[in-house]
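Throughout, numbering of the chain's residues begins at 1 and tracks the sequence.
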Amino acid sequence: MMSSGKTGTRFLIEDMASDNITFTGDNRRRYSRNLLLPEIGESGQRALLNSSVLVVGTGALGSIVSMYLAGSGIGRIGICDFDTIDISNLQRQLGFSTDDIGQCKVDVTARRLASINPDIVVEKHEGLLRPDKARELFQHYDVIVEGSDNPTTKYMVTDIAAEKRKPCVLGGVSRFDGQVMTFLPGGKNYRDIFPDAIAEGGYTPCSLGGVLGPLPGIVSSIQAAEVIKIITGAGTTLDGRMLLVDSLNMSFTEIKLR
């Protein structure tokens with residue numbers, strides 16, 4: 001369930017018997033920078049450790065989002081992708097290396113997350129995500145991260161997240177431009193902002209239009225911060241706003257969604 005307040009919106013995990021988690025030794029050192037933040041502290045870190053996040057797409061956005069979530073202590077992370085690693089990915093998908101070329105992105109990402117934080121659970125969902133599979137998967141996670149590279153998947157993921165009343169953090173990149181939006185249950189959805197007809201004629205994949213390598217890093221870092229804020233209640237999320245990133249001129253524009 002969701003709880004709103006002046007400092008933000010917190011996703012309350014039902015089994016908050018997380019109070020039995022104690023921060024001592026390596027555990028306290030691992031999360032020390034989070035624990036030092038008054039907006040997160042021990043209660044927020046417990047919420048992170050007891051939360052679950054599904055990352056759809058482990059490419060330019062998802063590979064980086066998932067690493068930050070693993071480092072922050074999200075207790076259970078699901079990763080969903082059907083693709084294998086190509087040499088062209090390595091310009092921006094820095095969770096992968098040259099030695100990983102040809103391997104399944106889900107497998108390599110899972111190993112990477114486990115190496116970052118062996119205390120968390122990583123669940124692999126390999127294969128193309130279709131609506132029936134998405135409906136089944138989404139009910140087992142608290143927050144959904146949308147990191148795909150095509151409008152069809154973005155509509156499906158955000159539609160089903162809204163249907164299942166799951167917070168969803170969406171990111172997108174193209175050439176030098178990026179966008180981040182957060183959708184909370186009961187609010188506006190991706191389809192409300194971008195009708196299908198707009199996307200069908202105006203989408204150019206990175207494989208044709210290109211993308212600046214560091215741009216997905218900027219966008220995915222913002223996505224990870226949004227997830228952490230949703231779970232801990234720290235700060236204010238992008239719910240009701242769209243953040244546009246212009247990396248060519250290094251400017252950020254906020255658009256209020258009415």
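- No path of Ile, Leu, Val, Met, Phe, Trp and Tyr side chains, each step under 4.5 Å between heavy atoms, connects Val122 with Ile85, placing them in separate hydrophobic clusters.
- Gln45 places a side-chain N or O within donor-acceptor distance of the main-chain N or O of Ser72, the cut-off being under 3.5 Å.
- Under 3.5 Å, the side chains of Asp119 and Tyr31 contain no donor-acceptor pair of N or O atoms.
- Atom CG of residue Leu37 and atom CG of residue Leu35 lie 8.5 Å apart, to the nearest 0.5 angstrom.
- Leu61 and Leu94 sit in two unconnected hydrophobic clusters of ILVMFWY residues. Membership requires side-chain heavy atoms under 4.5 Å apart, directly or through other members.
- Residues Leu248 and Leu212 share a single hydrophobic cluster, defined by chaining ILVMFWY side chains whose heavy atoms lie under 4.5 Å apart.
- By the 4.0 Å N-to-carboxylate-O rule, Glu136 lies too far from Lys164 to be salt-bridged with it.
- Asp81 has no carboxylate O lying under 4.0 Å from a charged side-chain N of Lys105, or vice versa, which leaves the two without a salt bridge.
- Between Val108 and Gly95, the shortest heavy-atom distance links the atoms CG1-O, 4.4 Å.
- With 3.5 Å as the limit, one finds no donor-acceptor pair spanning the side chains of Asp86 and Asn89.
- Of the inter-residue distances, the one linking Arg241 atom CZ with Thr237 atom OG1 reads 7.0 Å to the nearest 0.5 angstrom.
- Here the side chain of Thr232 pairs no donor or acceptor atom with the backbone of Ile40 at under 3.5 angstrom.
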### Message
Evaluate Ser148 against Glu146 for side chain to side chain donor-acceptor pair (under 3.5 Å), listing each step before the verdict.
### Response
CA-CA 6 Å; Ser148 72; Glu146 201 294 314; 2.3 Å; yes
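- With hydrogens and angles disregarded, a donor-acceptor distance shorter than 3.5 Å links the side chain of Asn27 to the backbone of Thr22.
- Distance CD/Glu39 to CD1/Ile228: 13.0 Å, rounded to 0.5 Å.
- The only member of Thr152, Ile160, Asp159, Thr158 that meets side chain to side chain contact (heavy atoms under 4.5 Å, CB included) when paired with Met156 is Ile160.
- Contact between Val55 and Ser66 at its shortest, heavy atoms only, is CG2-CB, 4.4 Å.
- Ion pairing between a basic and an acidic side chain is recognised when a charged N comes within 4.0 Å of a carboxylate O; Asp142 and Lys166 show no such pairing.
- Across Cys206 and Val211, no two heavy atoms sit closer than the pair SG-CB, 3.7 Å.
- For the 3.5 Å distance criterion, the side chains of Asn150 and Thr153 qualify, holding a donor opposite an acceptor.
- Distance check, rounded to the nearest 0.5 Å: CG of Leu215 to CG of Asp246 gives 9.5 Å.
- In this structure, CG in Asp239 is found 7.0 Å from OG1 in Thr182, a value given to the nearest 0.5 Å.
- Taking the side chain as every heavy atom from C-beta outward, Met67 and Ile116 approach each other to under 4.5 Å.
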#### Entry: Intermediate values then yes/no, side chain to side chain contact (heavy atoms under 4.5 Å, CB included), Glu42 and Arg28
CA-CA 10 Å; Glu42 291 196 4; Arg28 178 168 289 277; 2.6 Å; yes
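- Using a 3.5 Å distance cut-off with no hydrogens or angles, the side chains of Gln103 and Arg111 do pair a donor with an acceptor.
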### Query
For Phe23 and Ile21, what are the C-alpha separation, side-chain angles and deciding distance, and is it a side chain to side chain contact (heavy atoms under 4.5 Å, CB included)?
CA-CA 7 Å; Phe23 298 102; Ile21 295 175; 4.0 Å; yes
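- The shortest side-chain heavy-atom distance between Phe96 and Arg112 does not fall under the 4.5 Å cut-off.
- Residues Glu226 and Thr236 come closest through the heavy atom pair OE2-O, 4.2 Å.
- Summarising the geometry, atom CG belonging to Asp83 is positioned 8.0 Å from atom OG1 belonging to Thr58; distances are rounded to the nearest 0.5 Å.
- Checked by atom type and distance alone, the side chain of Arg33 never pairs as donor or acceptor with a backbone atom of Arg29 at under 3.5 Å.
- A donor-acceptor pair is defined here as one N or O able to donate and one able to accept, closer than 3.5 Å; such a pair exists between the side chain of Asp192 and the backbone of Asn189.
- Leu208 and Phe176 end up in different hydrophobic clusters when Ile, Leu, Val, Met, Phe, Trp and Tyr side chains are linked at under 4.5 Å.
- For Ser221 against Tyr68, the heavy-atom pair with the smallest separation is OG-CE1, 3.4 Å.
- Shown here for Val157 and Cys168, the closest heavy-atom pair between the two residues is CG1-SG, 4.2 Å.
- Proximity of Glu123 to Ile79: side-chain heavy atoms (C-beta onward) are nowhere separated by under 4.5 Å.
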### Task
Could you go through the side chain to side chain contact (heavy atoms under 4.5 Å, CB included) check for Leu90 and Ile101 one step at a time?
CA-CA 9 Å; Leu90 304 183; Ile101 291 172; 4.2 Å; yes
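- Under a 3.5 Å cut-off, the side chain of Gln179 and the backbone N or O of Val245 do not form any donor-acceptor pair.
- In this structure, Arg92 contributes its side chain and Pro216 its backbone to no donor-acceptor pair below 3.5 Å.
- Relative orientation of the Tyr190 and Tyr155 rings is tilted, given thresholds of 30° and 60° on the angle between their planes.
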### Task
Decide side chain to side chain contact (heavy atoms under 4.5 Å, CB included) for Val227 and Val145; before the verdict, give the C-alpha distance in whole Å, the side-chain angles of both, and the deciding distance to 0.1 Å.
CA-CA 8 Å; Val227 172; Val145 173; 3.6 Å; yes
